[in-house]
Amino acid sequence: MGTAMLLQTQNTHNQYLNSMAITEKFWEQIALDIQEQYKNGHPTHWKKQDIHLFLSKLENQIISFCQKSTEKADTLKIPKNKKGKYNFDAFNTISYHTFRRIFVTKESLGKENTCHQFAIYFGFDSFQDYVNAKELKNEKKENTGFNTIQKQIESNPTVLAQELSYQQCKQGHNSVDAASWYFQQLKENFSNQIYILLKSLYPRIQKTPVNTSFAENKIDFSVPAFAPNELDHAFYLKNFYNQPLEKKEVENCLDAIEKIKECKQSIFAYTIICNGQITDEQKILIENKLQELIKEGVVEYVVNIFDISDFIKDCLGQINSIIRDQIIAANHKYAKDYQQRMEQDFYLQEVPFSINDKNSSYLNPLEYLTKNQTTKDSGWSLMEILTQRTLEEKTEEWNFIISEFGFGKTSLFLNIFKELKQRNIQTLFIPIAQLDENAFESTNHFSRAILHILYNKVYKFQEEDNLQLQPIPFTNFHNTNDIFVELMVNEFERMLINRSDLIFLLDGLDENHIAYNFIGLKKIFKCLENFRFTCFFSVREEFWYDKQKNIQLALKKPIKEKIFLKEWNEQVINNFVEKYIEVKQLTPTAQKHLNNFQNLVKQGDYQKYYGDIPKRPLFLNMLIQDVIKGNYQQQNLSSLYQTYLQEKFHIDLERAFEDNTELPSIELLDKEDAAKVLRKIFSVLTNVSSLMIINDENLDAVLLSDITEEKIEKMVQLLKEKTFSITEILLNSVLIPISKREISDDFRVKFAHKSFQEYFTARYLFNLLKYPAGDQRDYDMFQYKFDESIFRFLLGMLEREQQKHPHSFKDCLTMLSLILQNQSLREMALGKKLQNRFLKFG
């Protein structure tokens, strides 16, 4: 080997050794940064759960950065799809085992891309950018965080404290330390910032004007009580610029306490807040003086002396109470609104359900789902999280509640909340439709979205035992420079991540439009995988079977159980009516009507009057309202179905029209005209029914049991309406899948009940008479013999037309006459039966 070659080999080897040394220092510094950011010990000592939690955050943060920066995406070599867009689904961070090999066993220095991932996670452009910024070539390493900012302030006294953002202080520190340090740096702006924070906790707080009696009494801020001459709270501030209290400053505090004794107002609580370092001896001295206020009756209940750290902890304690109260108030409001909308004053527990498959049969899903949930004495304690990272080791449980529309999923969820609340089990009910797409970007976004719902979209109790409600001020939970918001979001997020004794009831997975595709489902589940709470999802059976493959692929965690709610039989129907009579204060006449209805159900004769409507609790509740009015056996069955189906569709649309302006549940909505949307839904179902009619050799009409997705899509295109997906049709109609979607087989759907198919078949035949537009094949259907139930529906539609629109009814008869010309019909043919009923001939 020549000299040049030897030198080249030596240089290459030296570069390799130097690269290894730099990479070793890189991982050492990364470990320190992780330790500083998470305050959870050095990653060398992390448990498996800690590592998985961190890796999930790592992936979320990297994807977020790369979505905003093509340079970072290219550095990580994230693949692109055929359209040239980055395919973030194909990007995965390092595995649990690789993390251990780098930080625990030190068997690996990681690949170049792995180094880039961690550098980008901490806000740098690349591995080399991180190395240069940290000056890792030097032996001395400087930590980032607010230690660096602290040195900058100390070296430059002219730095204005108010220029510091809370986010700068927050980097790598918990909420108490970050907020404490932020306030400690404030000088002239200290009082104003404390007031802003207190304003969020006490909306009625007031600043004390100069030259007033309150100013003389050393009261800087006060919260007036509802009663005259009373204060809920009085505050006194001492700003020592975070210096140790001198003897003179302690005397000022003692003097302020003497001054408060002269206040003519009755005070419930009094607090001194010091931006200074208080020794134990000084604190004892001041606290003893404060106790004089209670002994002398100046302050009724609470006296405190807080340094900044204690003040922040006290704020967090109050935030804990706010969150708890808001959760209670939110679910109170949801339950109340739901009961009013559904006219539901009670919940029937003994209803049928199955577990994991639809063949098994049990009663009382409420008891089944709540019996294994254990009480936790701690309540919603955020402070517990500050001192103890996790409460217990427990594998998160995901459960799915599945049923067709109108089987009571939301009612079940609200009663689960009610039952667990009574047993002091921490439970939160959230309609998923209220969450926009951004809510699932990260755990932080999710926490902000939940708090936004709890804090801004519900009402708060004016007093604990007073059901009179009042609106609370709007709070922007996306304002990252609002310390109150950040304290609440950060601690709520930590609670959701770390606590395994919480239960989330996420109602209506199918009602959030981002769940309609695989990427949206993956985003939802990927975000929720970071949390340790037990999770219950409710989802319509129509959506479950349509999207089951997507759900299985998007889920990384196994499903503990699938609970299917089933249709009601005669016994359950009558139990519901019995409960209704027991709860309601009915007139004797109304009760007599319900008793007659019960007899019909017991005898099995109800279907000729009501079809399958009573088997579904949504419709049964509507039906009872009509039954108690009388004439329940004479009601036009087609009118009954039309009324209840329209009401069902209105309930579906309310979720989008009413309180969900950010994300409508279906794309086809014309928010200015809900009636137009209903016409589209009825039009689709009517035409679908026509595609499911065939005849046998005897000209008897046969209704097909199901239809393919492809036929429905072609039919929708022919309607020349705005195109919408099969999923939207399923979720906003009475069509349901007959099986899960498979790649090899056609996706097939059916009407939820045969009676629904019969109603829309009759509606199609009626439209042929009222709006002539069909071809010969359509009008040949009047030669067929249809089931008696279809004839009854069609008869009812014509009778209703005769009553309400006589001129249109005559046009229908004219069209019927034209159809019957030169036709020799069997006695049981549909046209012949209509002719015998409506047309005079001879």
Side-chain angles (χ1 to χ4, degrees), residues 328-352 363-367 370 406-422 429 458-459 461-469 565 567-603 605-606 609-636 639-641 643-644 646-648 650-651 654 658:
I328 294 172
N331 288 280
H332 173 84
K333 181 177 184 292
Y334 285 133
K336 183 178 179 181
D337 290 349
Y338 180 79
Q339 289 169 354
Q340 288 178 346
R341 185 172 72 247
M342 306 299 293
E343 298 184 354
Q344 183 185 93
D345 296 321
F346 64 91
Y347 177 73
L348 185 68
Q349 295 190 21
E350 298 289 330
V351 298
L363 288 176
N364 203 332
L366 176 63
E367 179 184 42
T370 58
F407 278 1
K409 296 182 295 296
T410 299
S411 296
L412 174 60
F413 267 23
L414 288 169
N415 281 277
I416 289 175
F417 173 84
K418 181 179 179 181
E419 172 70 19
L420 296 181
K421 175 178 173 290
Q422 291 173 349
F429 170 87
V458 301
Y459 295 87
F461 292 116
Q462 185 173 349
E463 294 179 7
E464 187 173 343
D465 297 324
N466 185 357
L467 294 182
Q468 184 178 359
L469 305 174
L565 303 182
E567 73 175 15
W568 291 8
N569 57 28
E570 286 78 4
Q571 182 62 50
V572 179
I573 293 171
N574 267 339
N575 289 345
F576 183 86
V577 178
E578 284 287 347
K579 187 74 173 178
Y580 189 94
I581 294 173
E582 176 188 333
V583 171
K584 297 283 190 176
Q585 295 181 349
L586 300 175
T587 64
T589 303
Q591 185 165 336
K592 179 181 178 181
H593 290 322
L594 283 180
N595 289 334
N596 291 335
F597 172 72
Q598 284 182 290
N599 291 331
L600 274 179
V601 174
K602 290 176 182 178
Q603 296 165 9
D605 294 336
Y606 69 92
Y609 300 106
Y610 309 117
D612 291 318
I613 277 179
K615 294 182 178 180
R616 194 174 297 263
L618 172 68
F619 290 153
L620 177 59
N621 198 53
M622 298 177 191
L623 177 60
I624 288 177
Q625 313 304 317
D626 286 334
V627 168
I628 61 179
K629 297 174 185 176
N631 298 322
Y632 58 94
Q633 293 185 26
Q634 286 73 43
Q635 185 145 0
N636 186 313
S639 296
L640 194 71
Y641 267 63
T643 300
Y644 293 170
Q646 285 180 337
E647 182 64 24
K648 181 264 180 190
H650 272 300
I651 291 171
E654 274 182 6
E658 195 172 274

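Heads up: numbering here begins at 1 and tracks the sequence. The shown structure was predicted, so the numbers you read here are calculated from the model rather than taken from an experiment.
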- Task: Taking the side chain as every heavy atom from C-beta outward, state whether P352 and V572 have any atom pair closer than 4.5 Å.
- Result: yes

- G408 and P617: which non-hydrogen atoms are nearest, and at how many Å? N-CG, 4.4 Å

- Is the centre of the F576 ring less than 6.0 Å from the centre of the F346 ring? yes

- Message: Please report the interatomic distance CG(L594) to CD(E578), rounded to the nearest 0.5 Å.
- Response: 9.5 Å

- Item | Q603, CD: over 12 other non-hydrogen atoms inside 6.0 angstrom | yes

- Query: Just one of V627, L586, L620 clears the side-chain contact (heavy atoms from CB on, under 4.5 Å) bar with Y580, so which one?
  - Reply: L586

- Spacing of NZ belonging to K602 relative to CD belonging to E570, to within rounding of 0.5 Å: 12.5 Å

- Message: How long is the straight-line distance from CD of E350 back to CG of L366, given to the nearest 0.5 Å?
- Response: 10.0 Å

- Indicate yes or no for a side-chain donor-acceptor contact from N595 to the backbone of Q591 under 3.5 Å, with no hydrogens or angles considered. yes

- Task: Can you measure from CD1 (I573) to CZ (F597) and round to the nearest 0.5 angstrom?
- Result: 6.5 Å

- How many angstroms lie between atom CD of Q349 and atom CG of N575, to the nearest 0.5 angstrom? 12.5 Å

- Message: What's the separation between atom CZ in F407 and atom CG in L412, rounded to the nearest 0.5 Å?
- Response: 13.5 Å

- For T410 and L414, what are the C-alpha separation, side-chain angles and deciding distance, and is it a side-chain contact (heavy atoms from CB on, under 4.5 Å)? CA-CA 6 Å; T410 299; L414 288 169; 4.0 Å; yes

- Task: Compare all side-chain heavy atoms of I581 with those of Q598 and state whether any distance is below 4.5 angstrom.
- Result: yes

